[in-house]
Amino acid sequence: MQDDPKTLVSTEWLAAHLNDPDLRILDASWHMPATGRDARAEYDTAHIPAARFFDIDAISDKRSALPHMAPPVEMFISRMRAMGVGDGHQVVVYDNSDVRSAARVWWTFRLMGKTDVAVLDGGFAKWQAEGRPVEDMAPILRDRHITVQRQAGLVRDVTQVALASKLGDHQIVDARAPERFRGEAPEPRPGLRSGHVPGAKNVPFGRLLNADGTMKAPDALRAEFETAGVDLKQPVITSCGSGITAAVLSLALERIGHRNHSLYDGSWTEWGSFPDLPIATGDA
């Protein structure tokens with residue numbers, strides 16, 4: 001794998017840079033409620049040395065009824081300053097999650113105009129499997145100034161997605177499992193209809209990963225999108241259940257050099273709750 005501090009770095013890269021003074025490591029583990037796992041408790045038990053815990057649910061827009069929507073700029077600034085993450089830092093985000101939640105935090109930093117941020121390829125599982133160091137101590141935090149410039153083009157709301165679906169001028173790509181995309185399996189959140197946004201293509205996020213949880217090589221990523229019928233010459237809107245795994249698709253698009261992509265933050269939790277929005281089922 002080619003290390004890129006703006007998208008994806010290997011465990012070898014992180015181990016070599018672990019003591020860099022301007023490196024900041026974030027544990028962004030997040031789990032589906034049904035798993036019964038407590039990401040914060042797992043972080044407290046063991047994490048990569050000096051890692052801070054990034055709570056995806058807590059650092060989110062509390063004005064929205066939807067889960068973990070992107071935080072307002074002011075909240076992001078105050079939380080990152082308090083965590084000692086700021087200007088001049090290289091950020092590496094990892095997770096120990098089945099839904100690869102680190103990509104969501106990578107996307108959140110990009111949304112805030114911060115590009116010196118990468119996901120740890122293979123996450124905490126690979127780091128531990130290689131016998132690399134972990135600790136249970138909380139890091140010493142020192143306030144750090146952070147400058148933010150929100151990139152509105154990286155996020156889409158329900159109105160914009162509905163228009164894109166109607167006009168067909170964007171490729172809407174859904175990261176959920178095929179059974180959920182086709183409307184054959186119930187949604188994990190009660191009260192949601194089943195199916196997908198009309199015109200959307202299905203690239204389940206797991207297809208972008210190798211068996212060890214690392215991301216596939218760029219050529220293989222490109223092939224997965226093309227096999228699913230995604231026209232990579234068009235702008236792409238990524239979507240999923242609640243905006244977490246959609247970011248895995250966004251990261252993969254960035255890895256293959258597709259720069260014109262955005263993420264539907266409300267995703268199916270929002271779309272599926274509106275009775276007047278159209279729904280498609282099956283593969284198309």
Side-chain angles (χ1 to χ4, degrees), residues 1-32 35-56 59 79-80 82-86 88-110 114-142 144 205-218 220-221 244-245 247-248 250-252 254-255:
M1 187 204 90
Q2 188 173 4
D3 290 305
D4 175 12
K6 294 183 184 298
T7 55
L8 200 64
V9 294
S10 63
T11 49
E12 291 82 6
W13 186 98
L14 182 56
H17 292 270
L18 204 54
N19 295 317
D20 289 6
D22 282 327
L23 178 73
R24 291 293 179 270
I25 306 169
L26 303 179
D27 182 330
S29 299
W30 181 91
H31 307 294
M32 292 290 286
T35 64
R37 292 175 65 183
D38 184 332
R40 179 64 200 230
E42 291 181 16
Y43 163 85
D44 288 340
T45 301
H47 53 260
I48 294 175
R52 287 100 161 111
F53 184 73
F54 188 109
D55 189 328
I56 287 174
I59 306 173
R79 293 299 182 93
M80 290 309 99
M83 287 166 65
V85 179
H89 283 151
Q90 169 66 49
V91 177
V92 174
V93 194
Y94 74 88
D95 64 64
N96 191 20
S97 168
D98 293 337
V99 293
R100 305 296 161 197
S101 51
R104 169 69 188 197
V105 173
W106 169 84
W107 173 82
T108 303
F109 271 81
R110 300 289 290 237
K114 311 306 283 185
T115 57
D116 291 329
V117 55
V119 169
L120 178 64
D121 201 23
F124 193 57
K126 188 170 188 288
W127 182 269
Q128 277 193 304
E130 293 167 352
R132 300 188 187 276
V134 298
E135 65 183 21
D136 58 4
M137 299 176 295
I140 298 166
L141 304 180
R142 294 184 180 86
R144 177 82 169 229
F205 76 94
R207 291 187 189 162
L208 305 177
L209 306 173
N210 297 308
D212 65 353
T214 55
M215 187 163 270
K216 290 181 177 178
L221 295 176
I244 301 277
T245 59
V248 179
S250 301
L251 177 61
E254 198 71 20
R255 287 290 286 173

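Reckoned from all heavy atoms, side chains included, excluding hydrogens, waters and symmetry mates. Positions are given from 1 along the sequence.
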Which residues pass the ring pair (Phe, Tyr, Trp, His ring centres under 6.0 Å) test with W13, not counting sequence neighbours? H17
Are there over 12 heavy-atom neighbours, none belonging to D55, within less than 6.0 Å of that residue's CG? yes
Could you report the tightest heavy-atom contact between A28 and A102, atom names first, then the distance? CB-CA, 4.1 Å
I'd like to know if the side chain of D95 and the backbone of S101 have a donor-acceptor N/O pair within less than 3.5 Å. yes
Looking only at heavy atoms, which two atoms of K216 and A220 are closest? And how far apart? CB-CB, 3.9 Å
Closest heavy-atom contact between A252 and L208? CB-CD1, 3.7 Å
Quick one, L8 with V119, criterion side-chain contact (heavy atoms from CB on, under 4.5 Å). Give me CA distance, side-chain angles, the key distance, then yes/no. CA-CA 5 Å; L8 200 64; V119 169; 3.9 Å; yes
Interatomic distance, CG@D98 vs OG1@T35, rounded to 0.5 Å, equals 7.5 Å
Check the pair R255 / M1 against side-chain contact (heavy atoms from CB on, under 4.5 Å), numbers first and verdict last. CA-CA 11 Å; R255 287 290 286 173; M1 187 204 90; 3.7 Å; yes
Does the side chain of D121 pick up a donor-acceptor pair with the side chain of T214 at under 3.5 Å? no
For Q90 and P5, indicate whether the former's side chain and the latter's backbone hold a donor-acceptor pair under 3.5 Å. yes
With side chains defined as the heavy atoms from C-beta onward, is the minimum distance between L18 and P133 less than 4.5 Å? yes
Is the backbone of S29 close enough, under 3.5 Å, to the side chain of Y43 for a donor and an acceptor to pair up by distance? no
Roughly how far, to the nearest 0.5 Å, is CD of E130 from OG1 of T11? 3.5 Å
Please list, chain by chain and in numerical order, all residues satisfying side-chain contact (heavy atoms from CB on, under 4.5 Å) with A15, sequence neighbours excluded. W127, R132
Begin with the C-alpha distance, continue with both residues' side-chain angles, and end with the deciding distance and a verdict on side-chain contact (heavy atoms from CB on, under 4.5 Å) for L14 and L23. CA-CA 9 Å; L14 182 56; L23 178 73; 3.8 Å; yes
Is the shortest side-chain N to carboxylate O distance from D27 to R52 below 4.0 Å? no
Residue list, side chain to side chain donor-acceptor pair (under 3.5 Å) with E254, at least two apart or on another chain: R110, R259, H261
Determine the minimum heavy-atom distance between N96 and R37, stating which atoms define it. O-NH2, 2.9 Å
Report the C-alpha distance between H31 and V99 in whole Å, list the side-chain angles of each, state the deciding distance to 0.1 Å, and finish with yes or no for side-chain contact (heavy atoms from CB on, under 4.5 Å). CA-CA 7 Å; H31 307 294; V99 293; over 6 Å; no
Look at the side chain of R40 and the backbone N and O of F53, then say whether any donor-acceptor pair between them is shorter than 3.5 Å. no
Just how far is it from atom CG of D116 to atom CZ of R24, taken to the nearest 0.5 Å? 13.5 Å
Looking at E42, is its backbone amide N or carbonyl O close enough to the side chain of H47 to form a donor-acceptor pair, meaning the two atoms are under 3.5 Å apart? no
Hey, does the side chain of D3 reach the backbone of S10 with a donor-acceptor pair shorter than 3.5 angstrom? yes
Y94 side chain to I48 backbone, donor-acceptor under 3.5 Å: yes
Considering all heavy atoms, the nearest L141-A82 contact: CD1-O, 3.6 Å
When you compare the side chain of V91 with that of F54, does any pair of heavy atoms fall below 4.5 Å? no
Using 0.5 Å steps for rounding, measure from the CZ atom of R100 to the CG atom of L209. 6.0 Å
Is there a donor-acceptor contact under 3.5 Å from the side chain of W106 to the main chain of K6? yes
Euclidean distance, F205 CZ relative to L251 CG, rounded to 0.5 Å: 13.0 Å
